[in-house]
Each structure stands twice: as structure tokens, then as C-alpha cells.
Amino acid sequence: MTYSNIMFETTDGISTITFNRPKALNALNSDLLGELDRALQEIIGNEEIRVLVLTGTGEKAFVAGADITELAKLDTLSAKVFINKGLSIINKIAELPIPAIAAVNGFALGGGLEIAMACDFIYASTSARFGQPEINLGLIPGYGGTQRLPRIIGIGRAKELLLSGKMISAEEAYRLGIVNRTLAPDALMGEVMNIAREMATKGKVALRAIKQAVNYGLNVDLPSGLRIETDAFAVCLASSDAKEGTSAFLEKRKPLFKGRLIP
Ligand code: CAA
């Protein structure tokens, strides 16, 4: 499959999607979103892929948001269709059965921050900038920003960013808990690949179970969340990965996880 608005490659079970419209700071137009969707479908269908990394071409931008040229042409009905389509693609990142890491190398604004927040966690270059500037366009976020940002940093801090549209540094994003680590620009991808490689050695069944327990559990009350965890634990325990992991521990050797998600 060919891609021109993203680059999509897989090495040793780690896929990397690189947003690749540098002249528009990797803004999300329909073509790019369509290619992102295809790449995500490929990942979902490929049992060998164990971790996904998302980043942007160059050092200037991760993604500078939805493509404003396209947004400007929409009316009420087409806006709903357009935004729903993009949102469903971005939600696929959150729903992936494997970990997704955002390697934010520059501007992560609007839809760019929303993509990063749909990932499981974010590492950022010290030169990265974050924000939900839609208010400056007379708009609001449409790819989850009003929902995911307050869940990550709290209501007051999220409202301050959403209502002011101000941009914050990587350091500030780290302080707020948006970003797990800040790294020098030339160290970013190396460190992201290190943690990706570490996760790629784990059992796929348990990786998926952790993602689902955290993601679904956060949207329900604590007793229901704990029930989700109990059920997921039981599923993991019955998996070949758990048999391998516990046997390897008792036999004092390294586990080799081969558990499959696709029958
Ligand atoms: N859509 C389309 N084109 C964009 C873009 C976007 N979101 N962001 C940048 N570009 C284009 C610029 O128009 C410019 O193109 P030309 O060279 O053809 O003029 C090129 O990328 C380089 O950008 P700048 O010259 O503006 O670069 P800069 O360094 O001076 O500024 C910036 C960088 C601060 C990121 C600025 O480009 C900017 O503010 N971009 C818009 C950011 C934004 O508002 N994002 C939210 C979009 S709405 C959204 O995302 C809604 C949603 O939730 C779904």
C-alpha cells in the first residue's frame, strides 16, 4: 500500500507512522486522515506489530491541527460529517490493541494535541509546543480536546488552555502531566524506541488488557472499574502468555511471549 501524506514503516514489530505534510506543518487534511486510517487498519490486522509510534516529519511540527483550508469550506452538516470521520479515526488510536506512543517533535496543536492525547503516553522534544488554539479561529476542538484534556490535567487547567488558546512549552506540558518525558530533539526518537522495544517484548494479551482496563475503567465508577480489572486479569491468566510468563519465572529464564489476539 502506498502512502504520500504519512510514512508508515515497521521494523522488529514496531510500526512508526510519520505525519508527512511538512509544508503545512503536517496539518490533518482528508487525504492524510484517510491514509492514517488505512495504516491503523493494517496495524490492527497484523499480529506481528506490537507497538506503534507516531511522530512528525522534521523538527518543526508533530501536527499543527486540522487543515484550516478544509475547515473553512464546511457548513454545519458537512462539519459534522467531517469531524465525526476524523474523530473515529483518532479514536482508533486509543482503541488499538497495542501501545501507541506519541513522539512529539514540534507543534502539537489542535488536532495534533488531540492525536497525541489519544496515544497511551507522550514523549516530547524540548522544542515542542502544545495547545488547543481553536478558540482563536472561533472554533472549539473537534477531535476530543474538550474531553481528553480535562481528564488528563484536570478541569481548571484544561479550561485555561481551551478558553485562552495559549500555547505552552514542552516543560510546561510535562509539569501539567500531558507529557511523560522531555528530551533533547536529537535524543527523542532514540528514547521512544527504547521504551517501544521494551514494551514489544511483553505479552500482547496483557498489553491489550492493561490499555482496556485503564481506558474503560476511567469512564466508570470505581467498583465497576475494579470489576473490569478482575475480568481482564482472569482472561490474561488463561492466556498462553501468562503460562509462559509464570513458567519462565519459576524456571529462572526470560519469557518468550507469543500470545495471539487474532484467532
Ligand atoms: N492548517 C492548514 N495549514 C496550516 C496549518 C493548519 N492547521 N498550520 C500551519 N499551516 C501552514 C501555514 O498556512 C503555512 O502555509 P504557507 O507557507 O502556504 O503560508 C505553513 O503551514 C507554515 O506555517 P506558518 O507560516 O504559519 O508557520 P509559523 O512558524 O509562522 O507558525 C504556527 C506556526 C504557530 C503553528 C501557525 O502555523 C499556526 O498557528 N497554525 C495553526 C494552528 C491551529 O490553529 N491549529 C488548530 C486547527 S483547528 C483544529 O485542529 C480543530 C480540531 O480540533 C479538529
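Ligands are counted one by one from 1 in listed order, and the atoms in each one are counted from 1 as well. Here, residue 1 is the first one in the sequence, and each next residue gets the next number.
- Residue pairs meeting the side chain to side chain donor-acceptor pair (under 3.5 Å) criterion with at least one partner in residues 232-250, sequence neighbours excluded, are Glu244-Arg253.
- Applying the 4.5 Å side-chain rule to ILVMFWY residues, one finds Ile14, Val51, Val53, Ile101, Tyr123, Leu183, Leu188, Met189, Val192, Met193, Ile195, Met199 in the same cluster as Phe121.
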I would like to know whether Glu95 and Lys211 meet salt bridge (charged side-chain N to carboxylate O under 4.0 Å, His left out); could you show each step before the answer? CA-CA 8 Å; Glu95 297 281 331; Lys211 269 191 81 152; over 6 Å; no
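- The hydrophobic cluster analysis finds Ile135 isolated: no Ile, Leu, Val, Met, Phe, Trp or Tyr side chain comes under 4.5 Å of it, directly or through other members.
- The number of heavy-atom neighbours closer than 6.0 Å to CZ of Arg227, taken from other residues, nucleotides and ligands shown, is 12 or below.
- For Asp12, the CG atom is loosely surrounded, since the number of other residues' heavy atoms within 6.0 Å does not exceed 12.
- Within 4.0 Å of ligand 1, heavy atoms belong to protein residues Lys23, Ala24, Leu25, Ala27, Lys60, Ala64, Gly65, Ala66, Asp67, Ile68, Leu71, Ile83, Phe107, Leu109, Gly110, Gly111, Glu114, Pro133, Glu134, Leu137, Pro141, Gly142, Tyr143, Met167.
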